[in-house]
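To start, the structure itself, in C-alpha cells.
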Amino acid sequence: MPATVVVGTQWGDEGKGKFTDLVAKEMHLVVRYQGGHNAGHTIVVDGEHFALQLVPSGILYDHIVPVIGNGVVVDPRVLLAELDMLDRKGVDTSRLRISGNAHLILPYHQEIDKVTERRLGKNKIGTTKRGIGPAYADKASRVGLRVQDLLDPKIFREKLEVVLKEKNAILAKVYNQLPLDPAGIAEEYLDVCRPRLESMIGDTVGLVHDALDAGQHVLLEGAQATFLDLDHGTYPYVTSSNPVAGGACVGAGIGPRYIDRVIGIAKAYVTRVGAGPFPTELHDETGDLLVDRGGEFGTNTGRRRRTGWFDAVMLRHAVRLNSLSEVALTKLDVLDTLDTVKVCVAYELEGERYRHLPYHQSVMHHVTPVYEELPGWKRDLSSATERTHLPKPALAYIAFLEEQIGVPIRLVGVGPGREQFLHFAA
Ligand code: GDP
Ligand code: IMO
Ligand code: MG
C-alpha cells in the first residue's frame with residue numbers, strides 16, 4: 001500500500017508538525033526519516049501545545065505506530081525527556097518504535113558543534129548546537145555509535161573508548177576544552193537510558209514493510225526542509241541530512257515506488273533561522289509584523305526567525321526536487337492585516353532574470369527579487385473552515401501562488417489549532 005511524504009519546502013518551521021498530525025488521522029504508521037532534535041514540530045490541540053523534537057507527529061493518535069527511522073540521529077537523553085513530557089500530558093508513548101540503525105548523538109557531538117560554531121565566528125552557520133552535524137559526520141566516517149549498540153554494553157564501551165580518544169584529543173588540543181569521561185557517558189547511556197528504551201528498539205524496516213504488505217498507510221515525516229538539505233540546500237548554511245522526499249526512502253528503508261503522494265508544506269511567507277542567503281528577507285516593519293503575528297521564534301531554541309515574502313522561485317525548485325503532488329499552505333492568517341501582499345516571481349542579477357533557482361551559490365547571495373504585489377484582504381481568517389469563507393483577495397492570493405508554482409494547494413492553514421485549516425479540493 002502507498003506511502004505519503006510530508007516535506008518542508010522552505011527553510012523549516014513551515015508547520016510540518018501541524019499538518020503531519022492532520023494527515024496522520026488517515027494513516028497507520030508515522031515515520032520520522034531524518035534529522036534529530038534540531039527539529040521542533042508543534043501541534044496545538046484544544047489550546048494545548050505539544051512541541052516535538054524526536055517523536056513523530058502522529059503520536060497523539062491511539063491508532064498510530066510512531067517510528068523513529070534509521071535516518072534519524074537520536075540523543076536518548078532528549079528522547080526520554082520528550083517521552084516524560086508526553087506522559088505528563090497523558091499521551092500514551094508505549095507504541096513508539098526506534099530503529100536500531102539510527103545513530104546516537106553523544107555528548108562530544110554537542111561539544112564539537114558548539115566549539116566549531118564559536119571558531120567560525122562571523123562565518124558561523126547558526127546551528128542549533130545540538131550535535132547534529134558532528135553526529136552525521138561520524139556516521140559518514142563510520143565511527144558512529146548506533147542505537148542498537150545500547151543493547152550490547154560491551155560493544156558500546158569498546159566503540160566509545162576508541163572514538164572518545166580522538167574526540168578528546170580534538171577537544172583538548174584544538175579547542176582547549178576539558179576531556180569527556182567515557183565512564184560517565186557509558187553510565188548515562190547504558191544505565192539510565194537503555195533500560196527505558198530497550199523495548200522500543202528494533203527493526204523498523206521490517207515493521208514498515210509488514211505494514212505496507214498488510215495494506216496499511218505509512219506517513220513519512222520530514223524534519224527541516226528542502227533548502228536546508230545537505231545536497232540541495234544553500235550549502236554550507238544547511239543541516240547535515242537529506243530532508244528532501246528522496247531522503248524518506250533512505251531514512252525509512254523503502255523504495256521510491258511506494259510513495260504516491262508528496263505533500264510540500266509551505267508558509268504563506270518565508271522564515272529562516274540561522275545564517276545563509278534569503279533573497280526575499282524583510283528588514284522593515286513588515287518583517288517585524290510577520291515575526292509578531294506569526295510568533296516567529298524557534299520552537300525549542302527560542303531564536304527569532306528571519307522573515308520575508310513568499311518566494312515562488314524557491315517553491316518551483318522544491319516542486320522539482322521533491323516531486324510534490326500538492327502543497328499545504330500554512331499561516332495564511334498571519335497576513336490578515338496587510339494592505340498588500342508581495343510574491344517573488346523571479347530573481348534578477350546583472351540584467352539576467354532567473355525564474356528557476358540559480359545553480360551557483362554566489363548568484364543566490366546577490367540576487368534581487370522581482371515582486372508581484374497583490375491586494376490584501378484585511379479580514380480575520382482564523383475561523384474560516386471552508387473555501388467559501390475566504391474573501392476574494394485571499395482566494396486570489398492562493399490562486400496566484402498555485403499558478404506560480406505549478407502544483408495544487410490542497411490544504412490551507414489559518415491558525416495553529418488542529419481544526420484551523422481548510423480543504424481546498426480542485
Ligand atoms: P514545523 O517545524 O514545520 O513543524 O513548524 P514549527 O512548529 O516549528 O513552527 C510552526 C508554528 O506555526 C507553530 O507555532 C505552529 O503552531 C504554528 N502554525 C502552524 N500552522 C499555522 C497556521 O496555519 N496559522 C498560524 N497562525 N500558525 C500556524
Ligand atoms: P524543523 O524540523 C528551522 C537550521 C539551523 C541552522 C541549520 C543547521 O523544526 O523545521 P543544525 O543544528 O541542523 O546543524 O543547523 O539548520 N535548522 C532549522 N531551521 N527549522 C528546523 O527544523 C531546523 N533544523 C535545523 O537553524 O541554520
Ligand atoms: Mg520547527
Side-chain angles (χ1 to χ4, degrees), residues 6-22 32-45 47-54 56-57 72-73 105 109-110 112-114 116-117 124-137 221-230 233-241 243 264-276 278 290 292-306 328-336 380-382 384 411-422:
V6 164
V7 61
T9 59
Q10 294 154 333
W11 280 297
D13 303 324
E14 297 90 349
K16 296 176 292 295
K18 173 182 162 159
F19 282 87
T20 299
D21 168 74
L22 196 70
R32 258 286 297 272
Y33 60 84
Q34 45 67 239
H37 65 298
N38 47 350
H41 293 185
T42 317
I43 308 169
V44 181
V45 184
E48 188 167 14
H49 281 66
F50 297 86
L52 303 173
Q53 302 185 80
L54 281 162
S57 301
V72 176
V73 283
I105 292 189
H109 292 130
Q110 220 152 331
I112 291 170
D113 200 351
K114 283 184 201 152
T116 310
E117 282 284 277
K124 71 177 181 189
I125 289 160
T127 74
T128 57
K129 298 186 184 158
R130 302 279 160 91
I132 307 296
Y136 277 116
E221 178 185 8
Q224 289 79 56
T226 303
F227 292 93
L228 288 172
D229 186 278
L230 182 58
T234 46
Y235 191 91
Y237 304 104
V238 293
T239 192
S240 297
S241 65
I265 314 296
K267 238 178 232 187
Y269 49 100
V270 183
T271 62
R272 170 163 214 170
V273 204
F278 185 167
L290 295 177
D292 290 345
R293 286 190 51 85
E296 296 299 352
F297 294 91
T299 305
N300 293 304
T301 61
R303 289 185 292 172
R304 183 187 162 104
R305 297 174 183 148
R306 299 157 65 192
L329 188 71
T330 66
K331 304 188 93 158
L332 186 65
D333 55 298
V334 173
L335 307 179
D336 282 356
D380 175 6
L381 301 186
S382 63
L411 292 163
V412 176
V414 290
R418 189 185 243 176
E419 69 298 337
Q420 289 181 293
F421 74 97
L422 341 164

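Note that ligands are numbered from 1 as they come in the structure, with each ligand's atoms numbered from 1 the same way.
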Any atoms of ligand 2 less than 4.0 Å from a non-hydrogen atom of [X]? List them with their elements.
{"X": "I125", "value": "27 (O)"}
{"X": "G274", "value": "27 (O)"}
{"X": "K16", "value": "1 (P), 2 (O), 10 (O)"}
{"X": "V238", "value": "7 (C), 8 (C)"}
{"X": "W11", "value": "3 (C), 19 (N)"}
{"X": "A223", "value": "2 (O)"}
{"X": "A39", "value": "1 (P), 2 (O), 9 (O), 22 (O)"}
{"X": "D13", "value": "1 (P), 3 (C), 9 (O), 10 (O), 20 (N)"}

How does V414 reach ligand 1, if at all, at less than 4.0 Å between non-hydrogen atoms: by side chain, backbone, both, or neither?
->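 For V414, only backbone atoms sit under 4.0 Å from ligand 1.
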For ligand 1, is any non-hydrogen atom under 4.0 Å from K331's backbone (N, CA, C, O), its side chain (CB onward), both, or neither?
-> both
Can you list the ligand 1 atoms lying under 4.0 Å from a non-hydrogen atom of G17?
-> 4 (O)
Under 4.0 Å from a heavy atom of H41: give me the atoms of ligand 1 that qualify, with their elements.
-> 1 (P), 2 (O), 4 (O), 7 (O)
Just need the protein heavy atom nearest to [atom], so name the residue and atom and give the distance.
{"atom": "atom 15 (O) of ligand 2", "result": "T127 CA, 3.3 Å"}
{"atom": "atom 18 (N) of ligand 1", "result": "P416 CA, 3.9 Å"}
{"atom": "atom 22 (O) of ligand 2", "result": "Q224 NE2, 3.5 Å"}
{"atom": "atom 1 (P) of ligand 1", "result": "K16 N, 3.5 Å"}
{"atom": "atom 12 (O) of ligand 2", "result": "T128 OG1, 2.5 Å"}
{"atom": "atom 20 (N) of ligand 1", "result": "K18 CD, 3.4 Å"}
{"atom": "atom 26 (N) of ligand 1", "result": "D333 OD2, 2.7 Å"}

Without swapping roles, check the side chain of Y33 against the backbone of P243 for a donor-acceptor pair under 3.5 Å.
-> yes
How close do [X] and [Y] get, counting heavy atoms only, and between which atoms?
{"X": "V270", "Y": "Q10", "value": "CG2-NE2, 4.0 Å"}
{"X": "L228", "Y": "V238", "value": "O-CB, 3.3 Å"}
{"X": "S241", "Y": "Q34", "value": "OG-NE2, 3.0 Å"}
{"X": "G40", "Y": "D13", "value": "O-OD1, 4.2 Å"}
{"X": "P134", "Y": "I112", "value": "CG-CG2, 4.0 Å"}
{"X": "R304", "Y": "V273", "value": "O-CG1, 4.3 Å"}

Measuring from atom [atom1] of [X] to atom [atom2] of [Y], what distance do you get when rounded to the nearest 0.5 angstrom?
{"X": "F19", "Y": "F421", "atom1": "CZ", "atom2": "CZ", "result": "7.5 Å"}
{"X": "I265", "Y": "T9", "atom1": "CD1", "atom2": "OG1", "result": "8.0 Å"}
{"X": "R306", "Y": "R272", "atom1": "CZ", "atom2": "CZ", "result": "6.0 Å"}

Answer yes or no: is there a side-chain heavy-atom contact under 4.5 Å between [X] and [Y]?
{"X": "H49", "Y": "T42", "answer": "yes"}
{"X": "Q224", "Y": "N38", "answer": "yes"}
{"X": "D21", "Y": "H41", "answer": "no"}
{"X": "T128", "Y": "R303", "answer": "yes"}
{"X": "S57", "Y": "I43", "answer": "yes"}
{"X": "P416", "Y": "K18", "answer": "no"}
{"X": "I105", "Y": "H37", "answer": "yes"}
{"X": "T301", "Y": "R130", "answer": "yes"}

Looking only at distances, please establish whether an N/O atom of ligand 2 is found under 3.5 Å from an N/O atom of [X].
{"X": "S240", "answer": "no"}
{"X": "K129", "answer": "no"}
{"X": "T239", "answer": "yes"}

For ligand 1 and [X], I'd like to know whether there is a polar contact (N/O to N/O, distance under 3.5 Å).
{"X": "G413", "result": "yes"}
{"X": "Q420", "result": "no"}
{"X": "V334", "result": "no"}
{"X": "G40", "result": "yes"}

Counting only heavy atoms not in Y235, do more than 12 fall under 6.0 Å of its OH?
-> no
Mark the output for [X] as yes if a heavy-atom distance to ligand 1 is under 4.0 Å, and as no if none is.
{"X": "G415", "result": "yes"}
{"X": "G12", "result": "no"}
{"X": "R305", "result": "yes"}

Nearest-option assignment for [atom], heavy atoms, candidates [options]:
{"atom": "atom 26 (O) of ligand 2", "options": "R305, R303, R272", "answer": "R303"}
{"atom": "atom 18 (C) of ligand 2", "options": "L228, V73, V273", "answer": "L228"}
{"atom": "atom 7 (O) of ligand 1", "options": "D13, L422, T42, T330", "answer": "T42"}
{"atom": "atom 6 (C) of ligand 2", "options": "G126, G12, P243", "answer": "G126"}

Hey, is R130 touching ligand 2 through its side chain, its backbone, both or neither, going by heavy atoms under 4.0 Å?
->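 Near ligand 2, R130 shows nothing, with every heavy atom at 4.0 Å or more.
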Go through the steps to decide whether T239 and Y136 satisfy the test side-chain contact (heavy atoms from CB on, under 4.5 Å), and finish with yes or no.
-> CA-CA 10 Å; T239 192; Y136 277 116; 5.7 Å; no
Heteroatom of D13 nearest to the Mg ion (ligand 3) (N, O or S, atom name) =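 Going through the N, O and S atoms of D13 one by one, OD1 ends up nearest to the Mg ion (ligand 3).
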N/O/S atom of A39 under 2.8 Å from the Mg ion (ligand 3), yes or no?
-> no
Please state whether G8 comes within less than 4.0 angstrom of ligand 2, counting heavy atoms only.
-> no
T127 and D113 side chains, donor-acceptor separation under 3.5 Å =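 There is such a pair (donor and acceptor under 3.5 Å, judged by atom type) between the side chains of D113 and T127.
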